[in-house]
Number of protein chains: 2
Amino acid sequence: MKCVIAEFQQEQKKRMRAVQDSMDVLNGKWKISIISSICCYKKRRFSDILNDIEGISNRMLSKELKELEINQLVKRTVLDTQPISVQYELTEHGDTLQTIISNLTDWGIVHRKKIVGEKCPVLIG
Amino acid sequence: MKCVIAEFQQEQKKRMRAVQDSMDVLNGKWKISIISSICCYKKRRFSDILNDIEGISNRMLSKELKELEINQLVKRTVLDTQPISVQYELTEHGDTLQTIISNLTDWGIVHRKKIVGEKCPVLIG
DNA sequence: CTGAATCCAGATGGATACTG
DNA sequence: CAGTATCCATCTGGATTCAG
């Protein structure tokens, strides 16, 4: 019996580490917004993303994009324009985040209603 | 046509804000692990969670639990024991996170394989 | 246009000690 | 047991400037 419990706890530790792994990738103030923006338009340039996301600085956008690239979620392509522009798109692996993004979107809407909705529904619109 | 595009962008902004809302709640170094721990055992005491999560300090656990409580994800109950103990459980609203946690878990496993798995599969086990 | 570099304030979080 | 209080190092991220 003790063995079963130990196994259960072991499994749970694995699960927690897995979720944590996901969060490590997704953490960062803007990461999800960036993915969401790229995903929404399929291909998106640096300056476009900069405009999509209210309040982000180019420093942060650059930094977070680099991290996403390292994690193989985003592919970076330099376009031979004048001046040069850079195009970002999700990798296949990045695409697999869509379900999660979608779930987070739905949950976020419900949560906002739950927390402030009753008192201040206008904030939602 | 311009109107359609504008509407589309407006929708996208709403989606991004919704995801961001979710992340605001879920951000914090330990929040997901805490939820995962409570969720796994249904009811869990402070010191038990402290043991479940490797590396967390009581200061952090206390702080993050408080935030989760404010966001109505977790319910706190003081038990009349000697010495007192405190039990935490997910609220109904907190329960709705299970899908997301589950997805994040699955994705985390895949992601770890993707990033380090090929070179160092032993890290996964 | 797409970043990189620098500076700097404020937030985050660990260690430790203390309380009811 | 379940926190709180304090100190302090590190990290985060904004503003600005510079470069290819």
Side-chain angles (χ1 to χ4, degrees), chain A residues 16-17 19-21 23-38 41-71 73-90, chain B residues 16-17 19-21 23-38 41-71 73-90:
Chain A
M16 292 207 298
R17 194 195 48 195
V19 197
Q20 208 50 60
D21 283 344
M23 292 307 284
D24 286 347
V25 174
L26 266 25
N27 261 329
K29 198 171 176 183
W30 311 98
K31 223 148 281 177
I32 301 257
S33 300
I34 294 170
I35 295 174
S36 183
S37 166
I38 298 175
Y41 295 99
K42 303 307 174 193
K43 300 177 183 207
R44 202 74 175 146
R45 290 183 317 153
F46 188 87
S47 51
D48 291 329
I49 304 174
L50 206 54
N51 282 321
D52 289 339
I53 303 172
E54 209 166 293
I56 195 173
S57 65
N58 59 350
R59 177 187 183 281
M60 274 300 114
L61 179 54
S62 172
K63 201 182 113 192
E64 307 244 71
L65 276 171
K66 198 181 291 174
E67 290 173 20
L68 291 173
E69 209 190 335
I70 289 172
N71 278 310
L73 300 178
V74 157
K75 186 186 163 201
R76 178 178 181 274
T77 314
V78 179
L79 301 179
D80 193 14
T81 55
Q82 192 50 247
I84 67 158
S85 57
V86 180
Q87 188 175 82
Y88 293 90
E89 56 196 309
L90 293 190
Chain B
M16 292 208 299
R17 195 194 48 194
V19 197
Q20 208 49 61
D21 283 343
M23 292 306 285
D24 286 349
V25 173
L26 266 26
N27 261 331
K29 196 171 176 182
W30 311 99
K31 223 149 280 177
I32 300 255
S33 300
I34 294 170
I35 295 174
S36 183
S37 166
I38 298 175
Y41 294 98
K42 304 307 173 195
K43 299 174 186 213
R44 203 75 175 144
R45 289 183 316 154
F46 188 88
S47 51
D48 291 329
I49 305 175
L50 206 54
N51 283 322
D52 289 340
I53 304 172
E54 207 167 294
I56 195 172
S57 64
N58 58 352
R59 177 186 182 279
M60 275 299 113
L61 179 55
S62 172
K63 201 183 115 193
E64 307 243 71
L65 276 170
K66 200 179 291 174
E67 290 173 19
L68 291 173
E69 208 190 337
I70 289 173
N71 278 309
L73 300 178
V74 158
K75 186 185 163 201
R76 178 178 181 274
T77 314
V78 179
L79 301 180
D80 195 13
T81 55
Q82 193 49 248
I84 67 159
S85 55
V86 180
Q87 187 175 82
Y88 292 90
E89 55 196 309
L90 294 189

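All values derive from a computational prediction rather than experimental measurement. Just so it is clear: chains get the letters A, B, ... in the order the sequence lines come, proteins before strands, and each one is counted from 1.
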(message) With a cut-off of less than 4.0 Å, is there a side-chain N or O of B/Ser57 near OP1 or OP2 of C/dG13?
(response) no
(message) Any side-chain N or O of A/Tyr88 below 4.0 angstrom from OP1/OP2 of C/dC1?
(response) no
(message) Categorize A/Arg59 for me: base, sugar-phosphate, or nothing, with a 4.0 angstrom heavy-atom threshold over every strand shown.
(response) base
(request) May I ask you to verify if any side-chain N or O of B/Lys66 is less than 4.0 angstrom from the OP1 or OP2 atom of D/dG3? (result) no
(message) Both A/Pro83 and A/Gly55 contact DNA chain D. Taking the nearest nucleotide for each, which residue is further toward the 5' end?
(response) A/Gly55
(message) Quick check for you: among D/dA2, C/dG3, D/dT4, whose closest atom lies nearest to any side-chain atom of B/Arg45?
(response) D/dA2
(request) Round to the nearest Å and state the distance from A/Glu67 atom CD to C/dG3 atom P. (result) 14 Å
(message) Test your reading of the model: is there a side-chain donor-acceptor pair from A/Glu64 to the backbone of A/Trp30, 3.5 Å cut-off?
(response) yes
(message) In this structure, how many angstroms lie between the C1' atom of D/dG13 and the CH2 atom of A/Trp30, rounded?
(response) 9 Å
(request) Heavy atoms only: give me the nearest A/Leu61-A/Ile34 pair and the separation to one decimal. (result) CD1-CD1, 3.6 Å
(request) Report the distance from atom CG of A/Leu61 to atom P of D/dG13, rounded to the nearest whole Å. (result) 13 Å
(request) Answer yes when A/Glu67 and A/Lys31 have at least one side-chain N-carboxylate O distance shorter than 4.0 Å, and no when they do not. (result) yes
(request) For B/Asp24 and D/dT12, give me the distance from atom CG to atom P, rounded to whole Å. (result) 17 Å
(message) Please determine whether salt bridge (Lys or Arg N to Asp or Glu O under 4.0 Å) holds for the pair A/Lys42 and A/Glu89, giving the CA-CA distance in whole Å, both sets of side-chain angles, and the decisive distance to 0.1 Å.
(response) CA-CA 6 Å; A/Lys42 303 307 174 193; A/Glu89 56 196 309; over 6 Å; no
(message) Heavy atoms from C-beta onward define the side chain here; which of C/dG14, D/dG3, C/dT2 lies closest to that of B/Val86?
(response) D/dG3
(request) Would you kindly give the CD-to-C1' distance between B/Glu69 and D/dA2, to the nearest whole Å? (result) 13 Å
(message) Measuring from the side chain of B/Phe46 (C-beta onward, heavy atoms only), which nucleotide among C/dG13, D/dG3, D/dC1 has the closest atom?
(response) D/dG3
(message) Measuring from the side chain of B/Arg76 (C-beta onward, heavy atoms only), which nucleotide among C/dG3, D/dG3, D/dG14 has the closest atom?
(response) D/dG3
(request) Consider the side chain of A/Ser62, meaning its heavy atoms from C-beta on, and name the nucleotide among D/dG14, C/dG14, C/dG3 that approaches it most closely. (result) C/dG3
(request) Write down the distance between CE (A/Met60) and P (C/dT2), rounded to a whole number of angstrom. (result) 18 Å
(message) Measuring to OP1 and OP2 of C/dG3, would you say a side-chain N or O of A/Lys63 lies under 4.0 angstrom away?
(response) no
(request) Tell me whether the OP1 or OP2 atom of C/dG14 has a side-chain N or O from B/Lys29 closer than 4.0 Å. (result) yes
(message) In this structure, how many angstroms lie between the P atom of D/dG13 and the CD atom of A/Glu54, rounded?
(response) 18 Å
(message) Distance check needed: D/dA2 P versus B/Asn51 CG, whole Å only.
(response) 10 Å
(request) Scan A/Arg17, A/Met23, A/Gln20 and name whichever one has a side chain to side chain contact (heavy atoms under 4.5 Å, CB included) with B/Ser33. (result) A/Gln20
